[in-house]
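The sequence lines fix the lettering, A, B, ..., with proteins before strands; numbering per chain opens at 1. Being a predicted model, the structure only gives us computed values, none of them experimental.
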Protein chains: 2
Amino acid sequence: MVLSIGDLSRRTGVKVPTIRYYESIGLLPAPARSDGGQRRYGRAHLERLGFVRHARDLGFEIEAIRELLAMAEDREGACGEAHAITRAHLADVEDRIARLSALRDELRAMLACDNGTVAQCRIIEVLADHEQCLHERH
Amino acid sequence: MVLSIGDLSRRTGVKVPTIRYYESIGLLPAPARSDGGQRRYGRAHLERLGFVRHARDLGFEIEAIRELLAMAEDREGACGEAHAITRAHLADVEDRIARLSALRDELRAMLACDNGTVAQCRIIEVLADHEQCLHERH
DNA sequence: CCTTGAACCTCTAGCGGCTAGAGGGAGTAG
DNA sequence: CTACTCCCTCTAGCCGCTAGAGGTTCAAGG
């Protein structure tokens, strides 16, 4: 299997410039080149990029993915660290959900007024005065 | 009331370089200066920056805040557009909550394995193979 | 074999929303 | 007057890409 960067892009859903970017930061190994200097990929690249893509979709940061990739290479190694990374990420996601939910409530409350003039508008008023918020901390 | 940039920073919780940044992008008007060229702020700046800070906390983008500020100035104007901006932002927040919740479920499922070797680890396995996900789309 | 046209190459700059650091001047308390 | 903190401008960097310029290579059709 020999793939151009465009083929790899279509197969993984990762854009061409992003693939080159990943190579530049060392997340993907530099592939072989054609006589004319174009990148030629194989199955290993396809799988590795699929892994990266998937982890990015799941919201892992590049540095975390770098560590996960290193672990994935060592199939006999312990996966404790992968759990630690995932737990940390989960905690972060849960925190973001909590903060966004509070924010959603705030925004809904702000919308609970008729469209009148700015002088009567809760949105402008709330933004100008934190005291009117539902929560002390958003 | 005359405030230095540091005073303004302490009163609003916005960092000093961020205040200068806001001025540079035209979100805050340029204040008067002391003889020596240091910024001197008054009550109007304090209120405007408080508004900005609050809107940022609520997750509004700078451009949205620019529009909200323009509306807040015209107290007799209609606030319909403020509602539109807020509704759009709310929709965005709700969408992010939904996607993060799906992601949270995914991460929790990935953690449901004992710490063994990488070869048996669900985390590495799931990352390498999208088919194993709970949802088709995260 | 030749032409076309898409795809590829490298390089630089830009996005948002700040943050950090260098190298210097201003203000203030003792 | 000194010491010290705060302030000034300017440039560069953060993340994770994305866009564009200007040029080269590849593959299919004639």
Dump every N/O contact between nucleotides 17-21 of chain D and the protein below 3.5 Å, one line per pair.
unit_1	atom_1	unit_2	atom_2	d
D:dC17	OP2	A:Y22	OH	2.8
D:dC17	OP2	A:R56	NE	2.8
D:dT18	OP2	A:T18	OG1	3.1

Ion pair check, A:E23 and A:R39, cut-off under 4.0 Å: yes

Side-chain donor or acceptor of B:S101 paired with backbone N/O of B:I97 under 3.5 Å: yes

Residue from A:I62, A:L27, A:T12 passing side-chain contact (heavy atoms from CB on, under 4.5 Å) with A:V52: A:L27

Short side-chain N/O contact from B:R39 to OP1 or OP2 of C:dA26, under 4.0 Å: no

Sugar-phosphate, base or nothing in reach of A:R10, heavy atoms under 4.0 Å: nothing

A:R66/A:E61 salt bridge by N-O under 4.0 Å criterion: no

Sugar-phosphate, base or nothing in reach of B:I25, heavy atoms under 4.0 Å: nothing

Upstream residue (5' side of DNA chain D) when B:Y41 and A:E63 are each assigned their closest nucleotide: B:Y41

Protein-nucleotides 10-12 of chain D N/O pairs under 3.5 Å:
none

Any donor-acceptor N/O pair, B:D105 side chain to B:A102 backbone, under 3.5 Å: no

Presence of salt bridge, B:R11 and B:D7, under 4.0 angstrom: no

Would you list the protein and nucleotides 24-26 of chain D atom pairs, both N or O, that sit under 3.5 Å from each other?
unit_1	atom_1	unit_2	atom_2	d
D:dC26	OP1	A:S34	OG	2.8
D:dC26	OP1	A:G36	N	3.0

Any A:S4 side-chain nitrogen or oxygen under 4.0 Å from OP1 or OP2 of C:dA7: no

